[in-house]
Amino acid sequence: MKDAFGTPYTNDANDLKYMQLAIEEANKSIPAPQAYCVGAVLVSGEGKVLSTGYSREIMGNTHAEECALAKLDTNSMDLTHATLYTTMEPCSIRLSGNRSCTSRIIEAKLKRVVLGVREPPNLVNCEGIQLLEKEGIQVLIVPNVEEACLAPNQHILSKKK
């Protein structure tokens, strides 16, 4: 099955397990007026959690995926068999002007990203999935976790446009 935009769903039990960890990370995020609360978990091809991250965990308006990658020496590690689990579509543009998470994922040479929800259009028009797929990175969505992934983001989602 695929979502309305053609991105395939995953029903793999391990994908759900690691997405639940990413949701736990997202719930650690302190809400910020113009930023989502996202969680990320980077898992090796053998199923070992390599690192985790959540929005603004590290100083400097950092995103969850950025935090998870920053905790590793991605230049000396082979991450081609690793999977990044993230509660929300990796950003393709940053309002802060910082480098996007999509570009960081591509540079780290990850080949698989599993997400909980597409980025809502409240802040920017995100094209993370398209950019990742264009680079040959497999993108999958875990079904039935949307509510849990969006729950820490009510500070943005509840605002009237």
Side-chain angles (χ1 to χ4, degrees), residues 2-10 12 15 18-19 21-26 28-29 31-45 49-143 145-146 148-150 152-153 156-157:
K2 297 180 178 185
D3 76 353
F5 299 94
T7 303
Y9 288 116
T10 173
D12 183 287
D15 289 340
Y18 294 121
M19 182 56 63
L21 289 174
I23 291 168
E24 289 174 20
E25 289 297 307
K28 295 177 184 177
S29 301
Q34 291 295 310
Y36 288 112
C37 294
V38 177
V41 177
L42 187 59
V43 178
S44 73
V49 174
L50 300 173
S51 67
T52 62
Y54 59 89
S55 300
R56 295 165 300 284
E57 176 184 9
I58 299 172
M59 293 293 292
N61 189 30
T62 53
H63 286 193
E65 302 91 339
E66 178 182 3
C67 292
L69 289 167
K71 294 176 184 177
L72 302 173
D73 181 4
T74 56
N75 292 323
S76 67
M77 291 183 75
D78 179 7
L79 296 175
T80 57
H81 299 291
T83 298
L84 180 69
Y85 294 87
T86 179
T87 57
M88 191 176 286
E89 178 179 8
C91 69
S92 58
I93 187 167
R94 301 274 298 262
L95 293 176
S96 64
N98 292 335
R99 214 159 35 104
S100 74
C101 292
T102 300
S103 66
R104 294 171 193 274
I105 292 166
I106 293 166
E107 288 170 14
K109 297 181 174 56
L110 290 167
K111 294 296 178 199
R112 188 169 186 264
V113 175
V114 177
L115 56 105
V117 296
R118 288 177 175 271
E119 181 172 331
N122 298 59
L123 300 175
V124 299
N125 181 20
C126 186
E127 298 177 347
I129 293 173
Q130 297 94 313
L131 293 172
L132 294 172
E133 288 175 339
K134 182 179 174 189
E135 294 294 324
I137 298 170
Q138 180 186 35
V139 179
L140 300 165
I141 298 175
V142 175
V145 296
E146 182 173 342
C149 291
L150 293 176
N153 296 293
I156 293 173
L157 300 175

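Small disclaimer: the values here were computed from a predicted structure and weren't measured.
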(message) Taking salt bridge (Lys or Arg N to Asp or Glu O under 4.0 Å) as the cut-off, I'd like each qualifying pair that reaches into residues 118-143, sequence neighbours left out, listed once.
(response) Asp3-Arg118
(message) If I take atom SG from residue Cys101 and atom CG from residue Leu131, how far apart are they, to the nearest 0.5 angstrom?
(response) 12.5 Å
(request) Mark yes or no for whether Thr62, through its side chain, and Cys67, through its backbone, hold a donor-acceptor pair below 3.5 Å. (result) no
(message) Please report the interatomic distance CD1(Ile129) to CD1(Ile141), rounded to the nearest 0.5 Å.
(response) 5.0 Å
(request) Quick one: pull up OH in Tyr54 and OG1 in Thr86 and give me the separation to the nearest 0.5 Å. (result) 15.0 Å
(request) With sequence neighbours excluded, tell me which residues meet side-chain contact (heavy atoms from CB on, under 4.5 Å) with Thr87. (result) Met19, Ala22, Ile23, Ala26, Val38, Cys149
(request) Please list all pairs passing the salt bridge (Lys or Arg N to Asp or Glu O under 4.0 Å) test where one or both residues lie in residues 106-116, with sequence neighbours left out. (result) Asp15-Arg112, Arg99-Glu107
(request) For Ala70, enumerate each residue passing the side-chain contact (heavy atoms from CB on, under 4.5 Å) test, keeping only those at least two apart in sequence or located in another chain. (result) Ile58
(request) Check Leu79 against Ala108 and note the closest heavy-atom contact, atom names and distance. (result) CB-O, 3.7 Å
(message) The criterion is side chain to side chain donor-acceptor pair (under 3.5 Å); which residues satisfy it with Asn98, sequence neighbours excluded?
(response) Ser96
(request) Test side chain to side chain contact (heavy atoms under 4.5 Å, CB included) on Thr7 and Leu115 and set out the steps. (result) CA-CA 10 Å; Thr7 303; Leu115 56 105; 5.9 Å; no
(request) Might you work through the side chain to side chain contact (heavy atoms under 4.5 Å, CB included) test for Thr52 and Leu21, ending with a clear yes or no? (result) CA-CA 9 Å; Thr52 62; Leu21 289 174; over 6 Å; no
(request) Hey, could you give me the NE2/OG1 distance between His63 and Thr102, rounded to the nearest 0.5 Å? (result) 10.5 Å
(message) Can you list everything that forms a side-chain contact (heavy atoms from CB on, under 4.5 Å) with Pro120? Sequence neighbours excluded, please.
(response) Tyr36, Met88, Asn122, Leu150, Leu157
(message) Run the side-chain contact (heavy atoms from CB on, under 4.5 Å) test against Ala35 and tell me which residues pass, sequence neighbours left out.
(response) Ala32, Arg56
(message) What's the separation between atom OG1 in Thr80 and atom CD1 in Ile137, rounded to the nearest 0.5 Å?
(response) 11.5 Å
(request) Indicate yes or no for a side-chain donor-acceptor contact from Thr83 to the backbone of Val113 under 3.5 Å, with no hydrogens or angles considered. (result) no
(message) Strictly by ring pair (Phe, Tyr, Trp, His ring centres under 6.0 Å), give each pair with a member in residues 85-141 just once, sequence neighbours left out.
(response) Tyr18-Tyr85
(request) Could you grab the distance from atom CG of Leu132 to atom CG of Leu110, nearest 0.5 Å is fine? (result) 9.0 Å
(message) Please give me the minimum heavy-atom distance between Pro90 and Cys126, naming the atom from each residue.
(response) O-SG, 3.3 Å
(message) Test of understanding: with side chain to side chain donor-acceptor pair (under 3.5 Å), list the residues that count as partners of Ser100, not counting sequence neighbours.
(response) Ser103
(message) Looking at every non-hydrogen atom in both residues, tell me the closest pair between Ser51 and Ala68 and how far apart they are.
(response) OG-O, 2.7 Å
(request) Return each pair, listed once, that meets salt bridge (Lys or Arg N to Asp or Glu O under 4.0 Å) where at least one residue sits in residues 65-93; pairs must be two or more places apart or across chains. (result) Glu57-Lys71, Glu66-Arg94, Glu66-Arg104
